[in-house]
Amino acid sequence: MAGAPGGYRPDVARYIASALQGYRELGPDKRQAIALGIAFLRLVCRCMPGSAAEPKRTVRVDGHGLGRVRHGGQNGLLDPRRSATRGAAEGSMNLTTSILALALWSGGAMANAADEDPYLWLEVVEGAKALGWVGSRNAESRKSLEADVSFKPLYERLLAIRNSDARIPHITKIGSRYYNFWKDADHVRGIWRRTTLDEYRKAEPAWETVLDIDALNRAENANWVWKGAECIEPQQDRCLVSLSRGGGDAVEVREFDLPSQSFVKGGFVLPEAKSEAGWKDRDTLYLGTDFGTGSLTDSGYPRTVHEWKRGTPWKDARKIFEARPADVVAYGFSDYAQGVRHDGVVRAPSFFRNETQLFRGGELVKVPKPDDAEIGFFRDYALITLRSAWKPGRRIFPAGALVAIRVDDLFAGKDGFELLFEPTARRSLAGYSATRNAVLLNILDNVRSRPEAMSREGGNWKRIAVPVPANAEVKLVAEDAELSDDYLMTLTGFLTPTSLARAAVHGETHGVLKRQPAYFESEGLVVEQHEATSKDGTRVPYFVVLPKDRARDGTIPTLLYGYGGFEVSLTPAYYASAGAGWLERGGAFVLANIRGGGEFGPAWHQAALKANRQRAYDDFIAIAEDLIARRITSPRHLGIEGGSNGGLLTGVMYTQRPDLWGAVLCAVPLLDMKRYNKLLAGASWMGEYGNPDVAEEWAYIARYSPYHNVDAARAYPPILFVTSTRDDRVHPGHARKMAAKLIALGKDVTYYENIEGGHDAATNNQQAAFMDAIGYVFLWERLK
């Protein structure tokens with residue numbers, strides 16, 4: 001800066017030097033240059049009045065994300081369909097021009113945030129300075145946590161559970177075979193394998209390896225992580241395999257041939273991106289990806305849908321649909337439902353709204369349904385799940401209902417709707433799955449499983465009872481939607497090891513296929529369901545697992561887990577890691593069913609949207625206070641955990657009610673709610689939280705944003721932040737900045753960032769066991 005113009009204050013010069021140093025550190029990952037550049041520009045302009053503004057330039061934005069959070073196995077920020085404010089100046093613009101273009105593109109609100117936030121440099125995901133900070137924190141945390149005498153045996157036990165050959169290899173039927181993806185000590189990244197039903201029934205089935213990810217990584221000197229496969233219907237001989245580098249949501253897509261167990265030479269291949277790709281027919285894909293300027297929405301999702309023909313470059317795929325820049329995403333689909341194909345496109349104006357169009361006579365025609373309703377298909381029927389009340393004819397259908405109507409009748413405006421599921425105040429539809437002749441309904445009744453089936457017989461829908469064991473938590477999934485009415489039934493519970501059974505809609509029972517062994521000692525434990533009364537009088541249920549005979553004197557180390565967002569329901573399950581790492585030690589485990597989730601249908605979720613977000617937090621507080629009132633625990637012994645949106649929950653609890661907790665585990669969290677919509681997938685979640693760039697909405701977001709509600713003078717409990725450098729859905733900058741801010745204030749902070757892992761914060765069993773072990777060690781030592 002020797003040649004800088006005169007008149008600069010010393011602090012300004014330091015900030016400019018810092019910004020330029022950060023820019024130089026970006027290396028190949030220049031996506032975060034935006035924020036640093038804005039800080040630089042505003043400081044320069046403050047000292048140079050009258051500078052001429054350069055015309056606004058276009059900056060390409062890309063990124064994509066969807067998936068599930070590891071914690072408890074529940075969905076993370078589901079289908080957030082991504083946004084990444086990642087971009088860099090184009091062409092050979094010099095530094096000043098690049099920064100000016102970026103600042104003009106981003107707008108004043110972002111510039112203000114940049115100017116006020118001293119930890120923006122931690123948003124530079126792979127910047128040398130940021131990674132140096134991460135490395136130092138990781139070393140400190142590992143030294144501290146691994147020094148605990150309980151760490152090594154706990155880690156080894158949790159790893160043994162994850163690598164156990166006695167785990168249930170859950171299966172998907174593709175063609176005549178049953179497929180499973182499996183990780184263990186010998187297959188760290190995993191193998192995609194298959195077997196027959198007769199073999200699967202055996203205690204030790206013979207498996208045929210279809211694709212070995214570890215071998216692929218060795219052959220290609222890569223770091224691939226399996227992200228699933230989509231196989232063409234009805235042939236099921238070709239699949240689109242998705243592979244991620246290091247576990248992020250961005251994937252490379254390759255066509256795979258099942259008969260030859262090999263990638264198709266000259267087949268469909270998409271470079272790494274957050275694409276939307278699916279089969280239309282054997283030689284055509286519906287494709288949405290980053291085609292360059294203008295092809296992505298403001299949220300960073302594909303906004304154009306293309307038909308990509310075999311043998312042609314993907315960049316030349318014919319565009320058939322285009323959404324608006326402000327929409328979340330657009331994608332094409334081909335739904336092969338019991339022999340009837342339905343093709344169309346979906347445009348999502350916001351996270352919870354979609355406009356679906358079907359091809360009718362070669363033209364796209366909008367489906368006449370509410371935009372907040374979801375649509376699926378069964379034969380020639382449309383199955384519509386409602387988020388709000390709807391009166392399409394003479395009858396009003398309530399929010400949360402599932403209705404069916406022939407597709408032709410729907411477009412013709414006929415009143416042929418039939419009610420397949422009707423909700424009540426405490427009864428909701430958790431999902432459905434279609435067999436050849438029936439629709440399996442996974443129903444929650446006061447957060448307990450009560451499945452049913454609706455069979456299409458003789459021109460009418462007939463309700464069929466599904467026999468299940470008493471007190472079991474059950475999920476039904478069709479085994480083969482095209483050929484049979486068989487289904488797979490997963491049975492589980494807090495203290496009941498998971499089992500997998502096979503049955504048929506009309507009562508024929510094929511018996512239990514697999515039983516998982518007990519991975520922790522449950523003798524003497526009991527499960528209770530209670531209700532707490534929230535601030536506004538709402539009754540909020542929760543489950544608690546605890547030692548039956550231990551005195552209720554407020555001393556039980558208790559771990560309270562919550563999520564409370566995106567209509568995700570938390571239900572009982574066999575949590576082997578929590579059992580081995582927490583319950584066996586004499587602790588209590590609590591699952592909170594707070595508003596924002598879907599336990600009681602859309603209304604339970606909508607009650608905590610946007611301006612009403614505080615209700616979810618009030619619910620969580622009420623459960624904590626109820627646990628204390630019942631003398632199960634006390635603040636000294638009460639810890640909380642949450643990941644993703646649940647990480648935001650625990651961050652809010654940390655800042656709003658630090659007096660209630662003895663320790664906090666905050667995983668892959670959102671915390672800076674002023675900038676969340678500018679980081680990675682954040683923009684697509686504004687339907688949940690609101691838009692912080694709108695003053696009226698920031699007014700209510702600001703009241704709970706953890707990053708903005710830290711009080712230097714307030715006492716806070718110990719907190720552990722865990723995240724992943726490769727999380728390209730929820731930016732690791734949230735956890736980094738919050739930790740740095742608290743450390744600077746002298747608070748008790750432990751921080752660990754897995755360098756790979758994506759939004760799950762782990763790519764293999766070793767990493768997952770390590771993350772679980774440090775969490776339980778951290779919490780137990782502070783709550784026991």
Side-chain angles (χ1 to χ4, degrees), residues 68-69 71-80 350-353 372 374 387-388 399-400 423 425-426 428-431 444 446-447 531-543 560-571 590-624 626 640-657 666-671 673 676-677 681-682 684-692 697 700-701 703-706 729-730:
R68 295 180 182 273
V69 65
H71 295 272
Q74 87 278 10
N75 288 314
L77 299 176
L78 47 145
D79 272 329
S350 67
F351 195 95
F352 300 106
R353 305 183 71 82
D372 64 350
E374 300 292 337
R387 282 199 176 96
S388 58
R426 294 261 150 170
S428 65
L429 182 64
L444 291 180
N446 200 29
V447 206
E531 289 184 344
T533 302
S534 194
K535 187 176 181 179
D536 63 359
T538 300
R539 293 180 299 120
V540 183
Y542 66 91
F543 293 95
L560 172 57
Y561 185 90
Y563 187 76
F566 295 90
E567 211 171 329
V568 174
S569 302
L570 298 188
T571 57
V590 182
L591 196 68
N593 301 122
I594 62 178
R595 282 174 288 185
E599 287 86 347
F600 299 130
W604 196 246
H605 168 237
Q606 293 161 10
L609 284 179
K610 294 188 175 181
N612 294 319
R613 197 77 196 168
Q614 185 60 41
R615 290 175 178 168
Y617 308 136
D618 290 341
D619 291 356
F620 201 72
I621 290 168
I623 291 173
D626 196 60
I640 56 175
E641 178 185 3
S644 194
N645 173 73
L648 171 60
L649 168 68
T650 54
V652 173
M653 293 299 94
Y654 175 84
T655 52
Q656 286 191 0
R657 289 299 305 273
C666 184
V668 289
L670 288 86
L671 295 167
M673 298 304 287
Y676 87 90
N677 62 325
S684 62
W685 307 324
M686 290 190 289
E688 182 84 8
Y689 305 119
N691 184 350
E697 297 184 25
Y700 59 74
I701 297 172
R703 288 196 288 270
Y704 70 78
S705 176
R729 192 184 319 163
V730 175

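These numbers come from a predicted model, not from an experiment.
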How long is the straight-line distance from [atom2] of [Y] back to [atom1] of [X], given to the nearest 0.5 Å?
{"X": "W685", "Y": "L648", "atom1": "CH2", "atom2": "CG", "answer": "10.5 Å"}
{"X": "S350", "Y": "D372", "atom1": "OG", "atom2": "CG", "answer": "9.0 Å"}
{"X": "Q614", "Y": "Y704", "atom1": "CD", "atom2": "OH", "answer": "9.5 Å"}
{"X": "Y676", "Y": "E688", "atom1": "OH", "atom2": "CD", "answer": "9.0 Å"}

Report yes if some heavy atom in the side chain of [X] is under 4.5 Å from a heavy atom in the side chain of [Y]; otherwise report no.
{"X": "Y561", "Y": "F543", "value": "no"}
{"X": "Y689", "Y": "K610", "value": "no"}
{"X": "P692", "Y": "I701", "value": "yes"}
{"X": "F351", "Y": "M686", "value": "no"}

Just by distance, do the side chain of [X] and the backbone of [Y] share a donor-acceptor pair under 3.5 Å?
{"X": "W604", "Y": "S569", "result": "no"}
{"X": "E697", "Y": "N691", "result": "yes"}
{"X": "E599", "Y": "L570", "result": "yes"}

Taking ring pair (Phe, Tyr, Trp, His ring centres under 6.0 Å) as the test, write out the residues that go with F352, two or more places apart. H605
side-chain contact (heavy atoms from CB on, under 4.5 Å) with [X]: which residues, sequence neighbours excluded?
{"X": "Q606", "result": "R387, P602, L609"}
{"X": "A607", "result": "R595, R615"}
{"X": "T655", "result": "P706, N709, V710, M738"}
{"X": "P423", "result": "P398, A401, F421"}

Would you say the side chains of Y542 and D626 form a donor-acceptor pair under 3.5 Å? yes
Looking only at side chains, do S534 and D619 share a donor and an acceptor under 3.5 Å apart? yes
Residue list, side-chain hydrogen bond (donor to acceptor under 3.5 Å, both in side chains) with S705, at least two apart or on another chain: H708
Which word best sums up how the rings of Y563 and F566 line up, parallel for under 30°, tilted for 30 to 60°, or perpendicular for over 60°? tilted
Check against side-chain contact (heavy atoms from CB on, under 4.5 Å), F600 and L444: CA-CA 8 Å; F600 299 130; L444 291 180; over 6 Å; no
